[in-house]
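Proteins get letters first, then strands, A, B, ... in listed order; numbering begins at 1 in each.
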Amino acid sequence: MSVEKIKTEEKSLNFLEEIVEEDLASGKYKSIVTRFPPEPNGYLHIGHAKSICLNFGLALKYGGKTNLRFDDTNPVKEDVEYVDSIKEDVKWLGFEWSQELYASDYFDQLYAFAVDLIKKGLAYVDDSTPEEIAAQKGTPTEPGKGNEFRNRSIEENLDLFAKMKAGEFPDGAKVLRAKIDLASPNMHMRDPLMYRIKHAHHHRTGDAWCIYPMYDFAHGQSDSIEHVTHSICTLEFIPHRELYDWFIDKLEIFPSHQYEFSRLNMTYTVMSKRKLLQLVEEKMVDGWNDPRMPTIAGFRRRGYTPESIRLFCDKIGVQKRENLIDLSLLEFCVREDLNRNAVRRMAVLDPVKLVITNYPEGQVEELIGENNPEAEDGGGTRSIPFSKELWIEREDFMEEPPKKFFRLGVGLTVRLKYAYIVKCTGFKKDDAGDVTEVYAEYIPESRSGHDTSGINVKGTIHWVSVQNALTAEVRLYDRLFKVENPSNEEGDFKEYINPDSLQVLPIVFIEPALAEAVPGAPYQFLRKGYFCLDENSSSDKLIFNRTVGLKDTWAKEVKKG
RNA sequence: UGCCCGAUAGUAUAAUGGUAGUACGACAGUUUUUGGUACUGUUUGUCGUGGUUCGAGUCCAUGUCGGGCAACCA
């Protein structure tokens, strides 16, 4: 390979990798520490996967470590259910955290930090109502103004803050604020809140506390305590950075640094926990792990693999500009993985009966089918029963086939996959005009692997032997929303939900080998797409979810007309 | 109209003052016992205007457009 060739194939660094390489090269750090800091108030979605891949990926690439730290400073919204799901999802994606930590682990330390700032004259207790505080903050174009509480003595502040902690005041009666600059052009510097009173039960600290730190007074300090070198978050936190640095500076603690990248947006879905929670609570979907949800749990149930999601995160890159990624890129990534790894099977989703008129009544032949043509050895084989009556797809027969239709129609020949070439001789319709049976004659010397017929056919179709068929329920999923960017549309985003996002096929005929289908394993139903067993599937009732369809150039052709 | 961030094909993402490249998509073709896969080819781009320079997507100025910021949320 030429030098140029190698050079062009070398993947360029994203801006965060560049920063890390510079910091390592300059000796600023010997190794890096990152963290993934979810709030346990919802399930992780594909946008979090981007952040997870970034944070863990950086540490993996440059030899550092990544902590999983729950940002659990608001007890009224948080729950252990979410903690558990988040841990499961991160693990499933294939990452191992160095330590499992909680911002709530630092409540004592954070309290001491606050006391330190009070002693330095940099924080005060304010008795104002939320409305008063908002009004006194001014607006982005007008400076805010102070109030009488701002000038309380250090002693009084210390006393009041201790009483806040001791539970002497009701919720909302007082807050602790940083004393910074009410005229700052950065709204976040206009004496931000540090602590508020909430007599609420916390999922970890129980009833030990009735004051809880705000995000801004918890996140940076938690990073600092953990010696996080690169604290990576999304763009909306840019204005918080000045405050992040201010607290670290005034507290004189380890200087973690914050860097921001743009969050992931994807077409035909929504990516905010608030909206996803709404879909769950209003039962628009079957829970957080509904296969139509953009949650990690949803993708897992849908049959997406960790590899495919990691590949996707790698392909979308990292930048600071707003973006809206094509869903087709994610689908490309999952097909790429599944094409290599999914076991091939046959299933007839919309059946019509094909009768091989010259095949002996009652005879059953066991034919051999390779499990995966992409695998080196074909992935092994399985046995498939063939008989006189077969199920084939309704769409594989046409009464009046157009020129480029390489399937069945009277007089047309096709290969039955793994079996014989058949020639269509006729069909039967019912009173409603629907085709009920298709007739064909097989060519005995055309059997797969032993074909001496010399006949060439353009098309190959899949089938399942009627007398040996098993049945299953199949769930076909489509995009959750009808429009590319539901959040950008007028009105409520829920108005744009795709009414056809789930199609249930109660009875689908599948080949016998599928009785041994394994949960979590990917299957390709030939010519139909990739499927996996649903979590509610049982040996009595098999249920398959369609992960993604195959690319279908014929469907495109038909659409064009 | 205060502050902050951003702008490269349809969508993403490179080019670090020196040939605007890659992927997905779309389109066309080759191969094929999956109208899949693989392979080949085609298509479409530096937000505008000035300036610096032998040379600007890149640096400077200015304008335009998009996004964010005034939760006791994170």
Do A:Leu243 and A:Phe217 come close enough that some side-chain heavy atom pair is under 4.5 Å?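 The answer is no; the side chains never approach within 4.5 Å.
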
Rounded to whole angstrom, note down the [atom1] distance from [N] over to [M].
N: B:A38; M: B:U31; atom1: C1'; result: 8 Å
N: B:G45; M: B:G35; atom1: C1'; result: 33 Å
N: B:U49; M: B:G6; atom1: P; result: 23 Å
N: B:U32; M: B:G36; atom1: P; result: 13 Å
N: B:G57; M: B:G17; atom1: C1'; result: 11 Å
N: B:A70; M: B:U1; atom1: C1'; result: 15 Å
N: B:C59; M: B:U46; atom1: C1'; result: 16 Å
N: B:C73; M: B:G21; atom1: C1'; result: 43 Å

Answer yes or no for [X] and [Y]: cation-pi contact, defined as NZ/CZ to six-membered ring centre under 6.0 Å and angle to ring axis within 45°.
X: A:Lys275; Y: A:Phe493; value: yes
X: A:Lys273; Y: A:Tyr43; value: no
X: A:Lys198; Y: A:Tyr212; value: no

For [X] and [N], what is the distance between atoms [atom1] and [atom2] respectively, to the nearest whole Å?
X: A:Met346; N: B:U33; atom1: CE; atom2: C1'; answer: 11 Å
X: A:Glu370; N: B:G36; atom1: CD; atom2: C1'; answer: 13 Å
X: A:Tyr244; N: B:C4; atom1: OH; atom2: P; answer: 21 Å
X: A:Asn265; N: B:U11; atom1: CG; atom2: P; answer: 14 Å
X: A:Glu142; N: B:U1; atom1: CD; atom2: P; answer: 13 Å
X: A:Gln258; N: B:C4; atom1: CD; atom2: C1'; answer: 13 Å
X: A:Asp552; N: B:G25; atom1: CG; atom2: P; answer: 14 Å
X: A:Met266; N: B:G10; atom1: CE; atom2: P; answer: 22 Å

Assign the ring pair A:His219 / A:Tyr244 to parallel, tilted or perpendicular, where the plane angle (0 to 90°) is split at 30° and 60°.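 Ring orientation of A:His219 relative to A:Tyr244: tilted.
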
Mind checking if [X] touches a base, just sugar-phosphate, or nothing, with heavy atoms under 4.0 Å?
X: A:Tyr418; answer: base
X: A:Lys556; answer: sugar-phosphate
X: A:Gly449; answer: base
X: A:Phe217; answer: nothing

I'd like to compare against my own output: the B/S/- annotation of nucleotides 67-74 of chain B with a strict under-4.0 Å heavy-atom distance to protein. S-SBSBSB

Distance check: side-chain N/O of [X] vs OP1/OP2 of [N], anything under 4.0 Å?
X: A:Lys320; N: B:A7; answer: no
X: A:Gln319; N: B:A14; answer: yes
X: A:Arg321; N: B:A7; answer: yes
X: A:Arg344; N: B:U37; answer: no
X: A:Lys551; N: B:U34; answer: no

Donor-acceptor check, side chain of A:Thr381 to backbone of A:Glu370, threshold 3.5 angstrom: yes or no?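 Checked: no pair found.
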
Do side-chain atoms of A:Asp552 reach the backbone of A:Ala555 as a donor and acceptor pair under 3.5 angstrom?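 Pair found, side chain donor or acceptor close to backbone of A:Ala555.
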
Residue closer to the 5' end of RNA chain B, A:Lys417 versus A:Asn14 (nearest nucleotide):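 Looking at the nearest nucleotide for each, A:Asn14 comes out on the 5' side.
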
Nearest-nucleotide comparison on RNA chain B, the residue closer to the 5′ end among A:Phe15 and A:Arg407: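 Of the two residues, A:Phe15 wins.
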
A:Arg35/A:Glu226 salt bridge by N-O under 4.0 Å criterion: no

Where along residues 324-339 of chain A does a heavy atom come under 4.0 Å from RNA chain B, residue by residue in number order? A:Leu324, A:Ile325, A:Asp326, A:Ser328, A:Leu329, A:Phe332, A:Asn339

Does a sphere of radius 6.0 Å around NZ in A:Lys61 hold more than 12 heavy atoms from other residues, nucleotides or ligands, not counting ones at 6.0 Å or beyond?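 Yes, because the 6.0 Å sphere around NZ of A:Lys61 holds more than 12 heavy atoms from other groups.
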
Who does [N] pair with, Watson-Crick or G-U, both distances under 3.5 Å?
N: B:A15; value: none
N: B:G50; value: B:C60
N: B:G6; value: B:C65
N: B:G36; value: none
N: B:A71; value: none

Nearest of B:U34, B:G2, B:C5 to any side-chain atom of A:Arg527?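 Closest nucleotide among those given: B:U34.
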
Minimum-distance nucleotide (side-chain atoms of A:Thr553 versus B:A26, B:A15, B:G36):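 Per side-chain heavy atoms of A:Thr553, the pick is B:G36.
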
Using only modelled atom types and a 3.5 angstrom limit, is any donor from either the side chain of A:Arg415 or the base of B:U33 paired with an acceptor on the other? yes

Name the residue from A:His203, A:Lys77, A:Arg204 that meets the side chain to side chain donor-acceptor pair (under 3.5 Å) definition with A:Asp72. A:His203

Passing candidate, side-chain contact (heavy atoms from CB on, under 4.5 Å) with A:Tyr124, options A:Asp191, A:Leu117, A:Ile118, A:Leu176: A:Asp191

Where A:Tyr523 and A:Ala342 come nearest, the two heavy atoms and their spacing: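 Result for this residue pair: C-CB, 3.9 Å.
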
What verdict does the salt bridge (Lys or Arg N to Asp or Glu O under 4.0 Å) test give for A:Glu395 and A:Lys528, after you've listed the backbone C-alpha separation in whole Å, the side-chain angles of each residue and the deciding distance to 0.1 Å? CA-CA 12 Å; A:Glu395 64 174 14; A:Lys528 285 287 148 192; 2.8 Å; yes

